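One structure is given below, encoded as structure tokens.
Computed over heavy atoms, backbone and side chain alike; hydrogens, waters and symmetry mates excluded. Note that the coordinates shown come from a computational prediction; the quantities given were computed from them, not determined experimentally.
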Amino acid sequence: MCLNGLKKANDTLGHSAGDELICAASNCMKFAFASYGKIYRIGGDEFVVLIQESVSNIDSILQVFDTTIHDWHGKYSNSISVSYGVVKSSEQDFDSIHSVSKLADERMYKSKSEYYNISGNDRRR
């Protein structure tokens with residue numbers, strides 16, 4: 001998962017706004033996913049959610065996450081956007097966790113690219 005627009009928030013609204021977005025993304029993830037797995041922040045704007053138990057309702061869980069993100073409003077920013085890529089271990093016979101991570105990254109970057117194309121924001125600013 002990747003928090004969209006963090007650099008822009010930091011550069012235009014200040015680091016307090018960026019910190020607010022990071023905390024908001026984390027809290028939205030906790031709300032939707034904490035009872036199913038673990039959430040890790042692995043970089044400035046990147047997170048990983050690992051669901052180790054078999055869940056049959058992943059689409060419902062993702063809908064809760066999407067709704068939580070959509071409904072969020074903060075002190076410095078009115079909205080938040082998170083791109084993500086979902087990989088189910090049952091999709092194929094993965095040979096390593098690296099293979100799973102690579103596919104999730106590819107899907108997340110595709111989602112992130114679509115976000116920036118639709119929003120018209122330049123991701124470098």
### Task
Answer yes when Arg107 and Glu114 have at least one side-chain N-carboxylate O distance shorter than 4.0 Å, and no when they do not.
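Glu114 and Arg107: not salt-bridged.
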### Task
List the steps, then state whether side chain to side chain contact (heavy atoms under 4.5 Å, CB included) holds for Tyr36 with Ile61.
CA-CA 9 Å; Tyr36 303 100; Ile61 297 167; 3.6 Å; yes
[Y] side chain reached by [X] side chain, heavy atoms, under 4.5 Å:
| X | Y | answer |
| --- | --- | --- |
| Leu62 | Val86 | yes |
| Lys30 | Ile39 | yes |
| Gln92 | Val87 | no |
| Asp105 | Lys102 | no |
| Trp72 | Leu21 | yes |
| Ile51 | Ile58 | yes |
| Leu3 | Glu46 | no |
| Phe94 | Leu103 | yes |

Counting distance only, does the side-chain N/O of [X] pair as donor-acceptor with the main-chain N or O of [Y] below 3.5 Å?
| X | Y | value |
| --- | --- | --- |
| Ser101 | Ile97 | no |
| Glu91 | Lys88 | yes |
| His73 | Asn78 | yes |
| Thr68 | Val64 | yes |

Looking at [atom1] of [X] and [atom2] of [Y], how far apart are the two atoms once the value is rounded to the nearest 0.5 Å?
| X | Y | atom1 | atom2 | value |
| --- | --- | --- | --- | --- |
| Asn4 | Asp45 | CG | CG | 8.0 Å |
| Asp66 | Asp59 | CG | CG | 10.0 Å |
| Ser26 | Met1 | OG | CE | 11.5 Å |
| Ser83 | Tyr116 | OG | OH | 7.0 Å |
| Ser77 | Lys8 | OG | NZ | 10.0 Å |
| Ser81 | His70 | OG | NE2 | 11.0 Å |

#### Entry: Minimal non-hydrogen separation, Ala25 against Val82, with atom names
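Where Ala25 meets Val82 most closely, the heavy atoms are CB-CG2, 4.3 Å.
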### Message
Give me the atom names and distance for the closest heavy-atom approach of Ile80 to Ala24.
### Response
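Minimum heavy-atom separation between Ile80 and Ala24: CD1-CB, 3.8 Å.
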### Query
Can you list the steps and then say if Phe47 with Ile22 is a side chain to side chain contact (heavy atoms under 4.5 Å, CB included)?
CA-CA 10 Å; Phe47 296 81; Ile22 291 167; 4.2 Å; yes
### Query
Just wondering, are more than 12 heavy atoms of other shown residues or ligands nearer than 6.0 Å to CG in Asp93?
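Result for CG/Asp93: open.
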### Message
With a 4.5 Å cut-off on side-chain heavy-atom distances among I, L, V, M, F, W and Y, is there a chain of contacts connecting Leu50 to Phe31?
### Response
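No, Leu50 and Phe31 fall in different hydrophobic clusters.
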### Query
Would you say Leu6 and Met29 are hydrophobically clustered, going by side-chain heavy atoms of ILVMFWY under 4.5 Å?
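Leu6 clusters together with Met29.
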### Query
Do Ser16 and Glu20 have a side chain donor and acceptor closer than 3.5 Å?
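No donor-acceptor contact under 3.5 Å links the two side chains.
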### Query
Looking at Phe65 versus Phe33, is the centre-to-centre ring distance below 6.0 Å?
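Yes; Phe33 has its ring centre under 6.0 Å from that of Phe65.
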